[in-house]
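Read the structure below first, then the notes.
Computed from heavy atoms alone, side chains included, the values below leave out hydrogens, waters and symmetry copies.
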Amino acid sequence: MTRRVLSLAAAAGIVLAALPASAQQAVDVRVTLSNFGFAPEQVRVPARQKVTLTLVNSAKGGHNFAARDFFRAARVDPADAAKIDNGTVEVPGHGSVTIALTIDQPGRYTLKCSHFLHATFGMTGAIVVE
């Protein structure tokens, strides 16, 4: 019976992998922006799968999520494209921004807050697409 369950699970995984990203359920990725860091500091995103990226600012003041190369490589849903300005998403104090996207190219992308001195105070990180 265990082999049968494993075989069915493996077959379902193969079918799921064969579906286009738009037909797959989105993976939720949440990043918290605070004074002065990202949590997690190393954001992990699956390649070739739709991702719902939610950026939550837990601080009183504004922060941003600047990842120009990442957003340049991603296919952002048209409804969310206006939230990104030159690879940067502004997140107001105690606010949040959600962006749906798909990125095909695995790799490591630089992340920082580009507000004055925020990166100097440690508000840097990476996005790893696996």
Side-chain angles (χ1 to χ4, degrees):
M1 174 133 169
T2 302
R3 282 187 189 170
R4 184 178 213 179
V5 170
L6 290 175
S7 294
L8 289 172
I14 291 168
V15 170
L16 181 60
L19 291 174
S22 60
Q24 295 178 15
Q25 184 174 348
V27 173
D28 294 322
V29 176
R30 180 185 170 108
V31 180
T32 301
L33 293 73
S34 63
N35 295 333
F36 288 94
F38 295 101
E41 189 173 298
Q42 187 166 308
V43 181
R44 296 197 175 279
V45 176
R48 296 174 295 283
Q49 191 167 351
K50 189 166 187 166
V51 172
T52 302
L53 178 63
T54 302
L55 308 173
V56 179
N57 185 350
S58 66
K60 180 180 175 184
H63 289 294
N64 67 30
F65 188 92
R68 287 176 182 88
D69 292 338
F70 173 75
F71 286 120
R72 194 174 296 128
R75 291 188 320 271
V76 177
D77 281 9
D80 295 330
K83 298 174 185 176
I84 304 166
D85 182 21
N86 196 28
T88 301
V89 179
E90 292 294 329
V91 186
H94 298 296
S96 67
V97 176
T98 300
I99 297 170
L101 57 86
T102 304
I103 185 163
D104 294 328
Q105 185 61 43
R108 184 177 181 87
Y109 299 87
T110 302
L111 167 63
K112 68 178 183 177
C113 178
S114 64
H115 287 197
F116 183 68
L117 293 178
H118 288 203
T120 303
F121 291 137
M123 200 163 182
T124 61
I127 304 166
V128 179
V129 180
E130 305 174 302

Atom pair OG1 (Thr102) and CZ (Arg48), whose distance is rounded to the nearest 0.5 Å:
11.5 Å
Tell me whether Val76 shares a hydrophobic cluster with Ile103, the cluster being built from Ile, Leu, Val, Met, Phe, Trp, Tyr side chains joined at under 4.5 Å.
yes
Atom CG of Asp104 with >12 non-hydrogen neighbours under 6.0 angstrom
yes
Val29-Val128 co-clustered via ILVMFWY side chain contacts under 4.5 Å:
no
State, to 0.1 Å, how close Glu41 and Thr124 come at their nearest heavy-atom pair, and which atoms those are.
CG-O, 3.6 Å
What pairs of residues pass the ring pair (Phe, Tyr, Trp, His ring centres under 6.0 Å) test when at least one of them lies in residues 87-114, not counting sequence neighbours?
Phe70-Tyr109
Short side-chain to backbone donor-acceptor contact, Arg68 and Asn86, under 3.5 Å:
yes
Is the shortest side-chain heavy-atom distance between Phe38 and Leu33 below 4.5 Å?
yes
Backbone of Asn57 reached by a side-chain donor or acceptor of Ser96 within 3.5 Å
no
Minimum heavy-atom separation for Asn64 to Cys113, with atom names?
OD1-CA, 3.2 Å
Show the nearest heavy-atom pair for residues His63 and Glu90, with the distance to one decimal.
O-OE1, 3.7 Å
Can you tell me how far apart OG1 (Thr52) and CG (Asp80) are? Round to the nearest 0.5 Å.
8.5 Å
Heavy atoms only: give me the nearest Pro46-Val129 pair and the separation to one decimal.
C-CG1, 4.3 Å
Kindly compute the distance separating CE (Met123) from CG (Leu117), expressed to the nearest 0.5 Å.
13.0 Å
Relative to the ring of Phe36, is the ring of Phe121 parallel (under 30°), tilted (30 to 60°) or perpendicular (over 60°)?
tilted
With sequence neighbours left out, what residues match Arg30 under salt bridge (charged side-chain N to carboxylate O under 4.0 Å, His left out)?
none
Does the side chain of Ile127 reach to within under 4.5 Å of the side chain of Phe65, using non-hydrogen atoms?
yes
Do you know the tightest heavy-atom contact between Gly62 and His115?
O-ND1, 3.3 Å
How close do Lys83 and Ile99 get, heavy atom to heavy atom, and via which atoms?
CD-CG1, 4.1 Å
Take atom CD in Gln42; do more than 12 heavy atoms of anything else shown fall under 6.0 Å from it?
yes
Quick check: does any side chain N or O of Lys50 sit under 3.5 Å from a backbone N or O of Ala100, one acting as donor and the other as acceptor?
no
